[in-house]
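Before any comments, here is the structure.
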Amino acid sequence: MLATLALFAALQQDGTRLELWYTKPAEAWTEALPIGGGRIGAMVFGGIEEERIQFNEDTLWSGQPHSYAREGAVEHLAEIRRLLWEGKQQEADELAMREFMSDPIRQKAYQNFGDLRISFLNHAGATDYVRKLDLDSALATVEYTIDGDRFSREAFASYRDGVIVYRLEAHGEKRLNFSAWLVDAHEGEKSINSKNEFIVKGRVEEGGVRYEARMSVTIEEGTISSNGLTITVEGAKSATVLLAPATSFVSPWSVNGDPNTRAMGALVRARRRGWEDLRKRHIEDHQGLFRRMSLDLGHIPEAERLPTDERLVRFAEGKPDPGLAVLLAQYGRYLMIASSRPGTQPANLQGIWNDSNRPPWESKYTVNINTEMNYWAVERANLSECHDALFDALEEVARSGAEVAREHYGARGWVLHHNFDIWRGAAPINAANHGIWQTGGAWLSQHFWWRWLYSQDRTFLKERAYPIMKGASLFFLDALTEHPVTGELVSGPSNSPEIGGLVMGPTMDHNIIRHLLRSTADAASELGIDEDLQEELRTTADRIAKNKIGQYGQLQEWLEDKDDPNNKHRHVSHLWGLHPGEEITVTKTPELFKAAQKSLEMRGDGGTGWSMGWKINFWARLRDGDHAHLMLRNQLKPVGGGGGGTYPNMFDAHPPFQIDGNFGALSGILEMIIQDHDGAIEILPALPRAWPSGSLKGVRARGAVELDISWKDGEMTEVVVRGEPDTTVTIRYRGNDQEVTVGPGGTSVSW
Ligand code: FUC
């Protein structure tokens, strides 16, 4: 009965159920449900007798302010290049490992903060258990019955108020009896003060980030006490647990903040507000973003009736469930709102959710695909503000990256290699064969450009986008070198992530750099500045080594035609110009377009989670909706056996968990319905047969417009375009273009 109630409670207006739900508590971390308020986040397990809420704060990292640039590295640059041109890759690699790498060679790790634990007394024998995450209200709830009495819990992480809130209620005769305490992942000091506040505090390492988390419980009826180890509640009708985690992190250059003031301040303010007000403010804040876009792809009631884990299994059996793609897309938007907000750190490899002090790849910012993928959909999915955290971080990276440009390349501007951490390391890390890759900053500059294209915010273009893009471009004006034979300009030393080792001039670099130089010139021309530079950027871009078609009809990954047709590597970097770039399109470069498809076919339909996420986007750009949908199916397979897949909580699996695939899938799903990179806003460029009828409302496109798109039986039925009156955009459908001028209240277009 309760399960049924819970089921219908979250029915969206159009009938799409936007919730993840389960009939038993989480055992593994990847079954728990994520909540997040940008800076703070938690995983809710929903245990009946023993509850665990593992929590994070996005500035809790190992390490301390540090410059990773290697002084004098530039003295070895010419020699590394010479060795590469002479085909002495191993010698080049060895020299680079000795003289050219980041100092130290590895970056630091994002940390677990700890757990909030709750242990219930006499609480066995629960029935009608439902645990769910409602994406529309951003509440994680648990409900069950014991001997006819209903109990409920509700958790959220508030961006506005900086606290994690856990509310417990007893709805029948029985009362709540429990003890609560915090587990500190760094085993610092623990105490309970006279106000019954549980405090953990410490320092990650000497000279590093200091932290403090404070937890308090308020109750209705009953008593609250402490035995020095836990806070004990007896006989309560309801209880509100507030948890405020904080650190001393101020910026990549200072850890001198006061975690005590921060945690105490947040806790005191939250307690003053009280649960209802905190909850109301949280829902308003979340819905203000979340409700801007809706998606409906049709319904299969027998699939939508199932708990999420069973629904995933059913879909993997090949049965139709378009609503699951909607759930995945909206989960992507939910996770973005929960992990990346103005003033917070950007979403890292795990968003903000991490239960380890030694997480995979340090849970940092890997930028040879992963961080960009996190943010591919953010403008289009009408969550522009969530992009801000990335821009803030990149402005910091540009500062450390300027030092690396100087010390390693003797170049102007800034450069970022394949990772950064909270200290904004920008030098090449881990190993020369994949760490020396020059185009991280160039790639991420695309995001600044996109913000301008989607918002037409001239102040942003002038004050934030252009300086970053110009700096990234200046680096390449200095760092590109001439091919000794052809005289074309090439990048290097670099690599095609993460295949084939150190080389000169991988195809990916060139596609990224051309895009950077041309968009920077466009930005300058839009702003009416730097005319000579515009000219230099454009002529330089034209001189960069062109894309080449190789012996198998494939787009070459390198300057030489040496692609292995059997290579199934997860990275498909040489197709950058197809996506997220825009150089390779069916209208502009039909032959390269075909070659890109050939390369993708050679790589196959497997891969890690993010790899499949990228392939959804590639196939959408190749205008093959059914193949894109096949990749979506592959990505949504329950984890186990082979690469990729999806965990029961719908976290994407590399494996292990890595959030990029969640965001990549959101991007890919939208790319199937709308594309805007080829001179027009194209409607239904790659609609799969699995989604014959549906609608996408509130999606944003270049030119600062918002669209509502509807289709039926595979045909577009209506498009409504909204924006500032008199905005003009071109809408494309099945190869026909229509100029649309937006009127007040929006303009409806039909074919
Ligand atoms: C790159 C990828 C790996 C992983 C890591 C975080 O190195 O090749 O697959 O995603 O980043």
Side-chain angles (χ1 to χ4, degrees), residues 30 61 101-102 105-110 335 339 345-354 356 358-376 390 393 397 416-422 425-441 443-444 494-503 506 508-509 512 557 567-576 580 603-618 631 634-635 639 642-647 651-665 667-668:
T30 44
W61 282 67
M101 302 303 288
S102 168
I105 199 163
R106 298 196 77 89
Q107 292 176 354
K108 298 301 175 181
Y110 181 43
L335 293 170
S339 64
Q345 295 300 310
N348 64 39
L349 284 172
Q350 298 184 182
I352 38 167
W353 298 280
N354 166 35
S356 166
R358 304 190 58 182
W361 295 286
E362 294 80 27
S363 194
K364 39 186 203 300
Y365 299 91
T366 305
V367 302
N368 64 9
I369 175 65
N370 318 85
T371 301
E372 291 88 350
M373 182 175 280
N374 284 0
Y375 288 91
W376 279 346
L390 180 69
V397 173
L416 167 62
H417 294 82
H418 94 302
N419 271 274
F420 70 88
D421 60 6
I422 202 165
I429 64 160
N430 297 356
N433 64 7
H434 65 276
I436 303 181
W437 173 77
Q438 303 180 356
T439 37
W443 187 347
L444 283 157
S494 196
N495 73 92
S496 190
E498 303 171 359
I499 313 173
L502 213 50
V503 295
M508 175 191 235
D509 276 13
I512 294 177
E557 185 156 4
N567 185 351
K568 304 292 176 213
H569 200 283
R570 61 193 180 281
H571 284 270
V572 206
S573 309
H574 46 316
L575 303 196
W576 196 92
R603 279 290 213 275
D605 293 337
T608 56
W610 62 255
S611 177
M612 294 204 246
W614 202 353
K615 288 173 183 174
I616 303 171
N617 289 270
F618 281 140
M631 296 313 308
N634 286 354
Q635 188 179 331
V639 179
T646 294
Y647 290 106
F651 268 175
D652 169 66
H654 185 287
F657 162 53
Q658 209 171 281
I659 207 162
D660 36 28
N662 285 96
F663 296 130
S667 166

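Both ligands and their constituent atoms are indexed starting at 1 by order of listing.
Checked options D652, N370, N374; the residue passing with F663 is N374 (criterion: side chain to side chain contact (heavy atoms under 4.5 Å, CB included)).
Taking a cut-off of under 4.0 Å to the non-hydrogen atoms of R570, the atoms of ligand 1 that pass are 2 (C), 3 (C), 8 (O), 9 (O). Remark: ligand 1 atoms within the under-4.0 Å shell around heavy atoms of H654 are 3 (C), 4 (C), 9 (O), 10 (O).
Of the listed residues (H571, Q658, H418), the one carrying the non-hydrogen atom nearest atom 2 (C) of ligand 1 is H571.
With hydrogens and angles ignored, the 3.5 Å screen pairs a side-chain donor or acceptor of K615 with a backbone N or O of G606. Listed for the H417 side chain is a donor-acceptor partner under 3.5 Å among the backbone atoms of A426.
Scanning the protein heavy atoms around atom 7 (O) of ligand 1, the nearest turns out to be E498 OE2, 2.3 Å.
Relative ring orientation between H571 and H569 is described as tilted, the plane-to-plane angle lying within the 30° to 60° band.
Inclusion of D660 in the set of residues having an N or O under 3.5 Å from an N or O of ligand 1 is not warranted. Residue T608 places no N or O, backbone or side chain, under 3.5 Å from any N or O of ligand 1.
F420 meets the ring pair (Phe, Tyr, Trp, His ring centres under 6.0 Å) test with Y365; sequence neighbours excluded.
S494 and D509 form a side-chain donor-acceptor contact under 3.5 Å, judged by distance and modelled atom types alone.
For L349, every heavy-atom contact with ligand 1 shorter than 4.0 Å involves the side chain, none the backbone.
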